[in-house]
Amino acid sequence: MADHGIDYAQFLMPIIVLQTAAFTAVAAAQRATLDKMRGMTRRLSAMPVHALVPVSARMSTAAVRSMVSICAALLFGYLLGFSFNGGALDTIAFVGFSLLVGLLLALGADCLGMTAHGVESTSQLLVLPQLVLGLVSTGFVPESGFPEWARPFARNQPVSHFSSTMRELADGNPTLQTALPALIWLAGLALVFLLWAHHIQTHRRNYL
Amino acid sequence: MTRTRLIRRRNDKARRRATDSTRMPFGSEVADVVTYESPLNFPTRDRWRPEPTVQDLSHDSVLQAQRILLKWSRDPVTLLQSLLFPALTVLLFWLVLDSSVSEHSGTSNTFGMVPMVALVGAMSGSSISALGLRREQTTGLLSKMWTLPTHRASAMTGRLLAESVRIVITVSAVLLVGMVIGFRIHSGLPGYLGIIAVATGFGLSFSMMITALALMSRDSHIVEWTAIGTQLAMFFNTGFVPADSYPAWLRPAIEYQPMSCTIDTIRALATEGPVARPMLLTLAWSAALLIVFTGPTLVGYRRAATLN
């Protein structure tokens with residue numbers, strides 16, 4: 001990649017951070033399924049605990065985990081030559097954006113985990129989008145590295161938009177033009193996952 | 001379970017056989033036995049044979065292997081992991097990396113990539129088997145088999161047999177998908193059989209290692225550890241990119257790690273290149289894994305079956 005005039009550590013960092021978000025999500029799905037299968041959800045629902053506590057507790061765990069893995073990824077990135085070239089605001093935006101993506105994915109995975117019946121099946125199912133969206137994105141190689149027919153997908157899918165937005169934030173020159181599609185994807189995912197979570201929350205008896 | 005229908009019927013044939021036979025211990029009770037219409041070929045009671053014979057071992061192993069394979073073939077997760085994921089990985093790696101790597105090294109990397117993903121598929125699937133074995137331990141099936149009049153080794157040999165069938169299928173599927181992106185076996189059918197033999201030999205010795213670890217360790221994170229290990233190994237071998245793309249200090253470790261040796265062997269078999277050296281290295285690695293981990297597997301299996 002160095003032959004192409006691209007600093008690969010700088011180029012790769014966003015997709016690595018997004019990958020850690022995906023790992024966090026898989027763990028969140030497993031946690032939700034285990035809570036359900038071991039009777040924790042059922043027990044909490046019988047106790048004087050606010051109905052939102054179980055889900056928000058799981059989300060808090062996911063947030064902590066996400067934070068830890070983002071820090072670890074950034075640390076290793078620094079060792080390999082990655083650096084934040086923007087101001088403090090850009091850096092905060094980078095970390096905040098990563099955390100937001102991680103939390104959203106964790107919320108979606110949590111919903112999936114609540115509907116699933118086995119731990120292995122959910123984590124295996126989640127490998128599929130991780131593989132396709134992760135690899136066929138402009139996070140690993142630039143768009144020109146793909147064959148002609150794969151480019152529209154690689155260009156327009158959410159992970160590509162997320163990673164290019166984060167790359168601009170790391171470089172310190174965020175543009176609305178790049179950020180807007182990413183924010184639209186993020187809002188869309190948030191809408192779907194929140195509606196799903198709301199449905200599960202209001203139909204708790206079906207998911208014990 | 002939905003397909004194994006429970007049929008209650010008076011089994012006249014069995015009764016006739018039972019009254020004729022002097023060997024049957026339970027006499028006419030057989031007549032009222034509930035028979036399951038099972039896709040497995042359980043032996044009828046009059047075909048009894050002494051336990052510790054080779055004939056008994058082979059028959060029971062095949063039966064166990066059939067049982068395990070039947071279970072896998074009806075489990076979507078297993079099918080996903082052993083067929084769809086490796087195939088998809090080959091396609092995606094080719095799509096994403098092939099143009100960059102071939103620009104860098106001058107040649108297409110298909111002949112390294114395809115064997116690598118085939119091996120990763122064979123290796124990562126072994127965690128399914130290890131997990132299944134643990135579950136049989138916790139549900140008590142292993143202990144039950146230990147007390148039943150079957151050959152005691154059959155639970156393990158049958159599992160290894162099932163593993164080799166799974167590896168053959170996974171590797172063949174990956175090679176087939178590899179055909180689409182330009183992988184060719186120039187040496188024809190003998191070459192294919194050689195590749196399958198090498199991959200199965202290596203896969204089985206790896207599986208022996210995972211089984212030993214699963215039986216020896218107390219926690220049940222064997223799947224995660226295997227996944228992490230194989231994913232890491234995927235980036236550090238001569239199939240991913242040629243060895244000279246790695247920094248010099250890392251190169252010997254990359255070149256002589258077991259996966260690289262096996263990949264080089266498969267590549268040499270497919271392209272009719274010099275095969276002796278990588279083949280010997282692969283055999284040495286496989287033999288080493290088998291020698292180190294067969295003992296712990298046997299000890300662990302005995303413990304798992306008896307201490308419950």
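We name chains A, B, ... by the order of the sequence lines, and we start the count at 1 in each one.
Proximity to chain B (any heavy atom under 4.5 Å) is restricted, for Q30(A), to the side chain, taken from C-beta onward. L91(B) does not touch chain A: none of its heavy atoms, backbone or side chain, sits under 4.5 Å away.
The number of heavy-atom neighbours closer than 6.0 Å to CE of M216(B), taken from other residues, nucleotides and ligands shown, is above 12. In R251(B), the CZ atom is crowded: over 12 heavy atoms of neighbouring residues, nucleotides or ligands sit closer than 6.0 Å. Other residues, nucleotides and ligands contribute at most 12 non-hydrogen atoms within 6.0 Å of the CZ atom of F76(A). Summarising the local packing, OH of Y246(B) is surrounded by more than 12 heavy atoms from other residues, nucleotides or ligands at distances under 6.0 Å.
Applying a 4.5 Å heavy-atom cutoff, the residues of residues 145-163 of chain A that approach chain B are G145(A), F146(A), P147(A), W149(A), A150(A).
Contact check for L125(A) versus V77(B): no side-chain heavy atoms found under the 4.5 Å cut-off. In this structure, T89(B) and L135(A) have side chains that are not in contact, with every pair of non-hydrogen atoms separated by 4.5 Å or more.
A side-chain contact (heavy atoms from CB on, under 4.5 Å) with L84(B) is found for one member of V127(A), L128(A), L131(A) and no other, namely L128(A).
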